[in-house]
> 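Please find one structure pasted underneath; my questions will follow.
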Amino acid sequence: MSLRLPDSGAETDVAGRRHAPSAARNAAPLADLLRDVLPASGRLLELASGTGQHAAALSAALPGWIWQPSEVNPALFASIRAWAQDAPRILPPIGLDAAQPGWAAPLGQWDAVLLVNLLHLIPQGAASTVLEGMAAALAPAGRAVIYGPFLRQGQTTSPGDAAFHADLQAQDPAIGYKELDWVSDRLAAAGLTLQCHTMPANNLALVATRG
Ligand SMILES: C[S@@+](CC[C@H](N)C(=O)[O-])C[C@H]1O[C@@H](n2cnc3c(N)ncnc32)[C@H](O)[C@@H]1O
């Protein structure tokens with residue numbers, strides 16, 4: 001039995017775990033990518049963890065990693081905790097607004113910082129702060145992984161993406177898909193170089209390292 005939450009498209013099961021369809025769809029390709037680009041062990045900070053589905057599925061795929069979920073919305077902590085039950089390598093969620101300048105400083109350095117499906121939902125200035133913070137939070141040999149939809153040379157890459165981008169901009173002209181070259185430039189300004197991986201459904205996974 002599950003309760004439909006009309007605001008998000010997610011459902012909550014009897015264990016208190018919210019289920020977002022998009023997180024269910026992209027968990028397996030993300031797990032494959034992370035297994036390829038991350039070393040065998042380390043500490044990972046996940047920004048904008050949402051339901052907690054990715055913390056559960058992706059940390060299960062990376063048995064050497066300690067996983068730190070975080071979220072700006074405390075209403076999601078219960079779901080993140082529920083997904084993390086029986087997963088001792090997932091730490092309790094922390095409250096984190098990744099669009100708040102300076103957010104990385106108190107958190108120390110991480111072997112990986114993961115961000116899935118946030119940049120298109122926030123204004124460009126906020127996205128810039130998120131990217132700067134990800135660079136600041138990385139240990140010297142760390143990797144930042146950013147997954148989502150992007151504009152390429154100013155264009156969306158499918159009719160569905162064009163419609164979603166237009167819908168976001170109709171809600172708020174300041175938000176919508178970010179240009180891949182702009183993201184790459186912001187990360188370069190923070191001392192990171194980028195490898196771009198194509199993912200299902202026209203999404204990209206950007207893997208950034210120092211140097
Ligand atoms: C589309 S959901 C993606 C959730 C999860 N990463 C996933 O892919 O299933 C966007 C998430 O970003 C969170 N969020 C929005 N603004 C944020 C911010 N400034 N800092 C951290 N998280 C934020 C929202 O609360 C929401 O959980």
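One-based numbering along the sequence shown. When a ligand or atom number is given, it counts from 1 through the structure's own listing order. FYI, side chains are in, hydrogens and waters are out, and symmetry mates aren't considered; it's all heavy atoms of this structure.
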> Quick one, list the residues around ligand 1 where some non-hydrogen atom comes in under 4.0 Å, by chain and residue number.
Ala23, Ala48, Ser49, Gly50, His54, Glu71, Val72, Asn73, Leu76, Leu96, Asp97, Ala98, Ala99, Val116, Asn117, Leu118, Leu121

> State whether a side-chain donor-acceptor pair under 3.5 Å links Asp161 with Ser158.
yes

> What pairs of residues pass the ring-ring contact (aromatic ring centres under 6.0 Å, His included) test when at least one of them lies in residues 181-211, not counting sequence neighbours?
none

> Can you list every side-chain hydrogen bond (donor to acceptor under 3.5 Å, both in side chains) pair that touches residues 108-121, not counting sequence neighbours?
none

> Any chance the side chains of Ser49 and Glu46 put a donor and an acceptor closer than 3.5 Å?
yes

> May I have all residue pairs that pass ring-ring contact (aromatic ring centres under 6.0 Å, His included) and include part of residues 59-96, sequence neighbours excluded?
His19-Trp83

> Side chains of Leu114 and Leu44, heavy atoms from C-beta outward: is any pair under 4.5 Å?
yes

